[in-house]
**Q** 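Questions regarding the structure given below will be posed in turn.
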Amino acid sequence: MKGALEPPAPAGTAPRPRPSAVTPKDVARATATRRRRSASLKLWAGAVCTLLVVVPVALAQVLPLPGANDQDLAKRRLPPLTDGHLFGTDQLGRDLLSRVLHGGQVSLSIGVLAVVVSGLIGIVAGAAAGYFGRWIDTVVSRLLEAQMSLPLLMMLLLVVALFGPSVTVITCVIAVAQWPEVARLTRSLVLVEREKPYVAAARVLGLRQAAILARHVIPNIVRQASLVVLLLLAQAVLLESALSYLGAGPQRPFATWGRIISDGQDYITTSWWLVTLPGLVIVLLVVGVNLLGDGLRDRTRRRVTEASS
């Protein structure tokens, strides 16, 4: 009879599970599910956009392309998809795609080296300030405040003007300009991490403070700090492009993205591809790196939340 009470389960058997009131549709609409899907979408979109730029740039030497500096004045300012030139040619008849890919090698090399150096400086300085405190924290905090109060681009231009626009100088300048972001995050993470029980247990066991910091604390926060380093890669590429555009980047014969745009800006009304296509490559890389970093950060936060709960 409908609505009658179900007979009790026989002795020694498990009770029947009650049907859940949460339907699959409710699970699909949940905030956690939407965040998980958003993080996955960011990861896929960021990886695709980044690889579309990084892979051709890395293979520029083996691709069947003309030399980046090979001139042919009879083929000046050819539009894209003309005579085998996918991106067209510039004002001197050089293949624009070849120049963009070879210029990307210089720009990406400077960006990657700069974020690696800035990441090492920021993690070491921030971890020492957060763990030891006292005068170390005071010195690092004052340095952070002093550097972040200065106009970034003006400081970069001043240092490059003093020491010359070489690849080494520009890499070091960008690295020094970006370490405060990593140091601030690392310091805040270490302040939380040093109060956890495993740190107190390590102290009771007689481990030195430097050993606890290097062997236990830093490995637990390096993943979250590395996400900021990844996001700084896009900023480093933009800074290098800005310096090259202003004439303070690596000097010729290096073909950087900023210089390619600077050389083509006089022809923007008649040859739009000289500026637009290199600019789109920069935009694609920056958007891809930012999406990739945001997706990894969302996934890391979700894992940390699930582990703590």
Side-chain angles (χ1 to χ4, degrees), residues 110-164 166-236 238-240 243 293 296-297 300-301 303-305 307-308:
I110 292 176
V112 171
L113 290 175
V115 297
V116 169
V117 175
S118 63
L120 292 175
I121 296 175
I123 289 175
V124 172
Y131 187 81
F132 296 107
R134 298 183 179 180
W135 65 270
I136 299 179
D137 189 15
T138 302
V139 172
V140 173
S141 299
R142 298 295 84 78
L143 288 175
L144 291 175
E145 294 173 359
Q147 183 166 339
M148 296 186 70
S149 65
L150 298 174
L152 180 58
L153 190 57
M154 294 299 295
M155 182 183 66
L156 295 179
L157 290 174
L158 177 61
V159 175
V160 171
L162 291 175
F163 296 99
S166 65
V167 174
T168 304
V169 170
I170 294 174
T171 302
C172 295
V173 166
I174 295 177
V176 172
Q178 289 185 325
W179 76 273
E181 299 291 339
V182 185
R184 289 176 61 190
L185 176 64
T186 304
R187 177 181 177 275
S188 63
L189 293 174
V190 172
L191 285 174
V192 176
E193 205 72 19
R194 72 177 185 179
E195 303 299 331
K196 293 186 176 180
Y198 75 89
V199 176
R203 292 171 180 168
V204 171
L205 291 175
L207 293 180
R208 295 183 178 181
Q209 298 294 333
I212 297 175
L213 178 62
R215 296 179 184 178
H216 302 285
V217 176
I218 291 181
N220 286 330
I221 58 94
V222 70
R223 177 179 296 180
Q224 300 178 58
S226 62
L227 296 180
V228 179
V229 176
L230 177 61
L231 293 173
L232 289 177
L233 175 61
Q235 182 183 2
L238 287 176
L239 288 174
E240 189 281 328
L243 291 174
L296 291 173
R297 181 174 55 188
T300 301
R301 285 178 178 176
R303 289 177 178 176
V304 171
T305 302
S308 61

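Computed from a predicted structure; not experimentally measured.
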**Q** With rounding to the nearest 0.5 angstrom, report the CG to CG distance, Leu243 to Leu157.
**A** 6.0 Å
**Q** Checking Glu193 now: which residues fulfil salt bridge (Lys or Arg N to Asp or Glu O under 4.0 Å) with it, not counting sequence neighbours?
**A** Lys196
**Q** Grab the two heavy atoms, one from Leu185 and one from Gln224, that are nearest each other, plus how far apart they are.
**A** CD2-O, 3.8 Å
**Q** So which heavy atom on Ser118 is nearest to which on Ala175, and how close?
**A** CB-O, 3.2 Å
**Q** Mind checking the CD1-CG spacing from Ile174 to Leu156? Nearest 0.5 Å is all I need.
**A** 6.5 Å
**Q** For Val115 and Ala236, work out which heavy atoms get closest and say how close.
**A** CG1-CB, 4.0 Å
**Q** Taking the side chain as C-beta and beyond, is there a heavy-atom pair between Leu239 and Gln235 under 4.5 Å?
**A** yes
**Q** Return yes if some donor-acceptor pair links the side-chain N/O of Ser141 with the main-chain N/O of Thr138 below 3.5 Å, else return no.
**A** no
**Q** So, taking the atom named CD1 in Ile110 and the one named SG in Cys172, what distance separates them when rounded to the nearest 0.5 Å?
**A** 10.5 Å
**Q** Got Phe163 and Ile170 here, is their nearest side-chain heavy-atom distance under 4.5 Å?
**A** no
**Q** Which atom pair, heavy atoms only, marks the closest approach of Ala125 to Trp179?
**A** CB-CZ3, 4.0 Å
**Q** Are Arg187 and Leu191 side-chain neighbours, meaning at least one heavy-atom pair lies under 4.5 Å?
**A** yes
**Q** Please give me the minimum heavy-atom distance between Ala183 and Leu144, naming the atom from each residue.
**A** CB-CD2, 3.9 Å
**Q** Sub-3.5 Å donor-acceptor pair from the side chain of Arg194 to the main-chain atoms of Tyr131, do we have one?
**A** yes
**Q** Which residue pairs pass the salt bridge (charged side-chain N to carboxylate O under 4.0 Å, His left out) test with at least one member in residues 138-163, sequence neighbours excluded?
**A** Arg142-Glu145
**Q** Atom CD1 of Ile221 and atom CG of Leu213: how far apart are they, to the nearest 0.5 Å?
**A** 8.0 Å
**Q** More than 12 foreign heavy atoms under 6.0 Å from CZ of Arg215: is that the case here?
**A** no
**Q** The criterion is side chain to side chain donor-acceptor pair (under 3.5 Å); which residues satisfy it with Ser188, sequence neighbours excluded?
**A** none
**Q** About how many Å separate CG of Leu238 and CG of Leu233, when rounded to the nearest 0.5 Å?
**A** 9.5 Å
**Q** For residues Val176 and Gln147, determine if any side-chain heavy atom of one lies less than 4.5 Å from a side-chain heavy atom of the other.
**A** yes
**Q** Check Val222 against Ile123 and note the closest heavy-atom contact, atom names and distance.
**A** CG2-CD1, 4.2 Å
